[in-house]
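Each ligand, and each atom within it, is numbered from 1 in the order the structure gives.
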Amino acid sequence: MLPNPKPEIQNRIRLTAEEGAWLAGEAGPAIRRAMEIVAALAQIYGAERLTPVASVQISGVSYRNIGAAGLAFLRKWADEGASVRVPTTLNPAAMDLEAWAEQGFDPTFATQQQAVIAAFARMGVGGAGGESGPFPTCTPYLVGNVPRLGESVAWAESSAVAYANSVLGARTNREGGPGAIAAALVGRTGAYGLHLAENRRATLHVRVRAALRTISDYSALGALVGQRAGSRIPYFEGLPLERGAPLWEENLKALGAALAATGAVGVFHVAGVTPEALAGPVLAPAHETTTVADLAPGYAALTDAAARPALIWIGCPHASLAEIALVAELVRGKRLRLPLWITCARPVKAAAVAQGLAGDIAAAGGRLYADACLAIAPVRDLGFAAVMTPSAKGACYLRNLAGVSARFGTLEECIHMAVTGGE
Ligand code: F3S
């Protein structure tokens, strides 16, 4: 270990010789600034050391959110020659990077959004698993960025954090935007919070007595429990879920996304299903217990009943191929009266095109868009004042971030709405 050259982070953080040299500026200004951010965050959260990370997932990609100042910040780092040290993927952008004109985006906005992606690409941010990139997605684990059990990563997207921690058994806190970029440049993050085994035990025992039949039911359950849990760690008992059964990962993807959206849940455990619950007892001795017997309040709380949807949005988090197949099955041979947009990762879209699913959906009038998330898009400017979705997180964020009315229903209800137009 070297003496820490920054007096303000001398107190507790022990740095390796390499980390100390980076902090001293020996690898250039970009790496020094990244180390300053990583070390300062580690100190704030009480870490004693940094931990190497196997991958990073960056948020703060939508030009609508980061604006000109954010773009300038990224360009400065790229101009200084900053380059990521570990495989790094990007959260969604506001728009499909290729089909944005069809979506109705303004060319000026599209140019700025492309510039954000280009700045990340100059820093080496790309696809995972050998894919060329970047291809923005909130489901990096579906397209090659798949952390292993017990492995530390530094991910920023809350739904992906919940999935990585809970379903894959990897370890990550929810990184902020600049913190994740800094972690990617130095391949480190602070060893605190969910990186430590003692902080991953469940503190809220959730007894599920409601019937769960659909992916959106898991989303409704997550919305209800997220509100009750706050930052506590839920342990679910009574879910009709078997590891390896059809759609088990999609159900957990929806559950985790909703938990993280209505609460601050970074990890959850499911009896007999998730890896840490399979390995042994995960309930902390001091815990509370709650029971969920009815999902209807979860749907109702995220529905603006008076609003008539102008768009149906599926793919929050980004849809898997199995979810796209479900949609294709429901719309095959039908003619939709409302626009139906499905968002997914670019490689998933390519697979859906190759399997003919995208064609079936297009024949009914629906569209598959890669790279995009509606919650961070200028939805009103695109002409939609109310949106229906089978995702609790989607409904929550449409209201709170996009500023439009939302309706939360099952996938079947969403397709029915698309077919009937609400009449
Ligand atoms: Fe993904 Fe956007 Fe939903 S980032 S989880 S599609 S709000």
Looking at ligand 1, does [X] have a heavy atom less than 4.0 Å from it?
| X | result |
| --- | --- |
| Gly315 | yes |
| Ser159 | yes |
| Tyr163 | no |
| Pro92 | yes |

Fill in: Glu80/Arg33 salt bridge by N-O under 4.0 Å criterion
yes
Discussion item. Quick check on contacts: which atoms of ligand 1 are under 4.0 angstrom from a heavy atom of Trp313?
Written reply: 6 (S)
Worksheet item: Any idea which atoms of ligand 1 are less than 4.0 Å away from a heavy-atom of Cys316?
Response: 3 (Fe), 5 (S), 6 (S), 7 (S)
When you check the side-chain N and O atoms of [X] and [Y], is any donor under 3.5 Å from an acceptor?
| X | Y | value |
| --- | --- | --- |
| Gln57 | Thr88 | no |
| Trp155 | Ser55 | yes |
| Ser391 | Thr389 | no |

Worksheet item: When you look at NE2 of His287, are more than 12 heavy atoms from neighbouring residues, nucleotides or ligands closer to it than 6.0 Å?
Response: yes
Item to complete: Starting from atom 2 (Fe) of ligand 1, locate the nearest protein heavy atom and write down its residue, its atom name and how far away it is, to 0.1 Å.
Response: Cys373 SG, 2.2 Å
Worksheet item: Taking it one step at a time, do Glu19 and Arg188 satisfy salt bridge (charged side-chain N to carboxylate O under 4.0 Å, His left out)?
Response: CA-CA 9 Å; Glu19 292 161 357; Arg188 307 279 197 283; 2.6 Å; yes
Worksheet item: Within the stated cut-off of 2.8 Å, is an N/O/S atom of Cys138 closer than that to atom 1 (Fe) of ligand 1?
Response: yes
